[in-house]
Protein chains: 2
Amino acid sequence: MSETPVSDATVGRLPVYLRSLVDLAKADVSSVSSARLSAAVGVNSATLRRDLASLDITGTRGVGYDVKYLVAAISRALGVNQEWPVAVIGAGNLGRALANYTGMSERGFPVRALFDVDATKVGSTVADLPVHHVDELPSVIEAHGISVAVIVTPPEAGQAVADAVVAAGITSILNFTGTGLDVPDGVVVRQVDLATELQILSFYQQRGTAQHRLGFEYFVDVDGPVLAHSST
Amino acid sequence: MSETPVSDATVGRLPVYLRSLVDLAKADVSSVSSARLSAAVGVNSATLRRDLASLDITGTRGVGYDVKYLVAAISRALGVNQEWPVAVIGAGNLGRALANYTGMSERGFPVRALFDVDATKVGSTVADLPVHHVDELPSVIEAHGISVAVIVTPPEAGQAVADAVVAAGITSILNFTGTGLDVPDGVVVRQVDLATELQILSFYQQRGTAQHRLGFEYFVDVDGPVLAHSST
DNA sequence: TAGATTGTTAATCGATTAACAATC
DNA sequence: TAGATTGTTAATCGATTAACAATC
């Protein structure tokens with residue numbers, strides 16, 4: 001076991017590494033150096049090696065990292081090799097879009113239940129799933145072994161819904177309401193805030209020359225030269 | 001003019017400050033100290049003062065900051081006081097959800113045009129907007145003075161669409177495809193990646209005790225005691 | 001053995017924050 | 001004037017990265 005804790009920055013890069021590695025595996029590349037992989041994802045090679053080391057993932061000096069092993073190890077760290085059934089709270093436009101989005105299941109996050117408070121929605125069917133009343137959260141979550149809640153209600157309802165899903169035993173929340181959520185320790189919230197993203201865009205738009213380092217911008221080319229790049 | 005450049009971290013906090021300030025303004029609070037506002041948004045007060053200073057926003061020693069002035073100044077910095085017409089590329093579930101999402105217009109980002117390549121979608125109407133073929137990007141973007149493109153196509157199409165919107169003069173992109181985009185300097189891309197967010201959640205879920213610092217988690221109470229908090 | 005590449009130390013960088021002089 | 005709070009300096013912290021000994 002490594003002494004090094006895994007930093008949030010490292011966790012954020014893992015999905016990026018994984019995607020690039022899956023491409024390499026598809027192209028039958030068996031071994032990859034930190035230099036090559038890091039160039040593909042636009043990260044410094046020392047950072048990449050340090051990230052892997054913090055997960056106790058090792059390579060072979062003089063050779064590099066085994067691609068299949070890397071895919072397996074990062075997948076395991078990210079929990080990508082198991083299913084995390086999801087509940088979507090809020091059956092509005094966005095909630096229905098998520099329920100219909102095949103990417104959820106493909107990525108191991110199948111939507112198993114939908115909830116709303118609107119009497120005209122409760123009882124209807126979206127993407128072959130019945131829309132439950134929010135009051136049924138505890139029983140439905142229990143029944144389906146749901147571990148992740150995606151909150152797509154209007155902002156006013158966000159905190160109440162968060163309280164309800166936490167009370168029902170949920171410890172991972174993906175929050176699309178603009179509101180910040182107050183949750184107990186041990187519950188993880190990720191904020192996806194469209195309005196904030198757009199406002200950040202308009203900030204740079206307005207500033208003209210966008211001297212802006214992006215979250216993750218990268219470009220992979222397995223066969224040819226590898227180019228990593230960010231707008232500056 | 002301030003010497004200090006505005007860091008990306010600062011820009012990311014501005015929308016959070018603004019939302020809290022709007023609440024204060026609604027509650028008829030005329031003046032606020034950095035201590036109070038920073039507590040409300042869960043940020044250190046020195047960080048807040050530094051953020052404001054980097055935008056040349058000043059307060060009054062011994063008094064604090066004028067709320068209305070702060071709202072105006074941050075709004076102006078974020079470009080929130082003007083409209084940024086948006087094009088949505090991809091008329092699938094998510095694209096249609098965005099077109100129907102009233103929050104876009106409310107926040108100053110009205111969806112003015114929809115695009116797709118699917119012949120069965122082109123010509124149809126979504127949220128009172130005709131779905132154009134992607135080939136029409138240049139003319140439609142020109143006609144509506146569109147400055148922001150939201151890409152919600154399948155990942156495979158992401159780069160081609162990005163190239164097309166950039167060629168059509170767009171300099172701000174909100175990218176929902178999981179793919180990284182290679183864009184020229186001066187074009188700003190914000191990545192909104194559902195799969196990555198979910199994978200990060202499952203990482204912490206799996207680790208059990210989530211020792212996780214959230215992007216922006218905050219809690220505002222204008223009247224009573226102010227509590228800032230993040231799950232640890 | 002010679003070349004390549006890891007794993008990690010030590011230097012660097014940038015961002016956060018404590019602390020306090022300036023000043024309302 | 002006394003109290004409050006800004007604006008900013010200097011210290012601190014954490015993350016990135018250059019550099020290199022270890023070793024395949």
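Every chain is numbered from 1, with letters handed out A, B, ... down the list of sequences.
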**Study point:** side chain to side chain contact (heavy atoms under 4.5 Å, CB included) involving T60(B) - partner list, sequence neighbours excluded
**Key:**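 Only V63(B) meet the side chain to side chain contact (heavy atoms under 4.5 Å, CB included) criterion with T60(B).
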Review point. Can you name the residues that form a side chain to side chain contact (heavy atoms under 4.5 Å, CB included) with L94(A), not counting sequence neighbours?
Key: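 For L94(A) the side chain to side chain contact (heavy atoms under 4.5 Å, CB included) partners, ignoring immediate neighbours, are V152(A), F176(A), L94(B).
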Review point. Looking only at side-chain N and O atoms, does Y65(A) come under 4.0 Å of OP1 or OP2 in dA4(C)?
Key: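 No, because none of the side-chain N or O atoms of Y65(A) sits under 4.0 Å from OP1 or OP2 of dA4(C).
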Review point. Phosphate oxygens OP1/OP2 of dT6(C): is one of them under 4.0 Å from a side-chain N or O of S34(A)?
Key: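 Yes, because at least one side-chain N or O of S34(A) sits under 4.0 Å from OP1 or OP2 of dT6(C).
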Donor-acceptor list for residues 75-83 of chain B side chains, cut-off 3.5 Å, not counting sequence neighbours:
from, atom 1, to, atom 2, distance (Å)
S75(B), OG, V71(B), O, 2.6
Q82(B), NE2, Q206(A), OE1, 2.8

Review point. Which part of the nucleic acid, if any, lies within reach of T58(B) when heavy atoms closer than 4.0 Å are counted: base, sugar-phosphate only, or nothing?
Key: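 Sugar-phosphate, no base atom in range.
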Please identify each residue that fulfils side-chain hydrogen bond (donor to acceptor under 3.5 Å, both in side chains) with [X], with sequence neighbours left out.
X: Y17(B); answer: R13(B), D51(B)
X: S105(B); answer: none
X: E156(B); answer: none
X: S33(A); answer: none

What is the distance, to the nearest angstrom, from the [atom1] atom on [X] to the [atom2] atom on [N]?
X: L70(B); N: dT5(D); atom1: CG; atom2: C1'; value: 14 Å
X: L48(B); N: dG7(D); atom1: CG; atom2: P; value: 10 Å
X: R36(A); N: dA4(C); atom1: CZ; atom2: P; value: 16 Å
X: Y69(B); N: dT6(D); atom1: OH; atom2: P; value: 13 Å

Point to revise | Criterion side-chain hydrogen bond (donor to acceptor under 3.5 Å, both in side chains) on R49(A) and S38(A), from CA distance to verdict | key: CA-CA 9 Å; R49(A) 291 198 297 279; S38(A) 67; over 6 Å; no
Which protein N or O atoms sit under 3.5 Å from an N or O of nucleotides 21-24 of chain C?
from, atom 1, to, atom 2, distance (Å)
dA22(C), N3, R61(B), NH1, 2.8
dC24(C), O4', R61(B), O, 3.3
dC24(C), O2, R61(B), O, 3.4

Point to revise | Nucleotide-resolved protein contact map, nucleotides 11-20 of chain C, B/S/- at heavy-atom distance under 4.0 Å | key: ----SBBBB-
Indicate every side-chain donor-acceptor pair of residues 161-173 of chain B with a distance under 3.5 Å to a residue at least two apart or in another chain.
from, atom 1, to, atom 2, distance (Å)
D163(B), OD1, Q159(B), NE2, 2.9
T171(B), OG1, Q205(A), OE1, 3.4
T171(B), OG1, Q205(A), NE2, 3.2
S172(B), OG, Q205(A), OE1, 2.4

Point to revise | Polar side-chain atom of Q191(A) near backbone of T179(A) as donor-acceptor pair, under 3.5 Å | key: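 Indeed, once roles are kept as given, a pair shorter than 3.5 Å links the two residues.
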Practice item. Could you name each residue pair satisfying salt bridge (Lys or Arg N to Asp or Glu O under 4.0 Å) that touches residues 196-205 of chain B, not counting sequence neighbours? Key: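 As it turns out, the salt bridge (Lys or Arg N to Asp or Glu O under 4.0 Å) pairs with a partner in residues 196-205 of chain B, which skip direct neighbours, are R190(A)-E197(B).
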Study note, to complete from the structure: Dot-bracket assigned to DNA chain C with the 3.5 Å Watson-Crick/G-U criterion, [ ] for crossing and | for other-strand pairs, is ..||||||||||||||||||||||
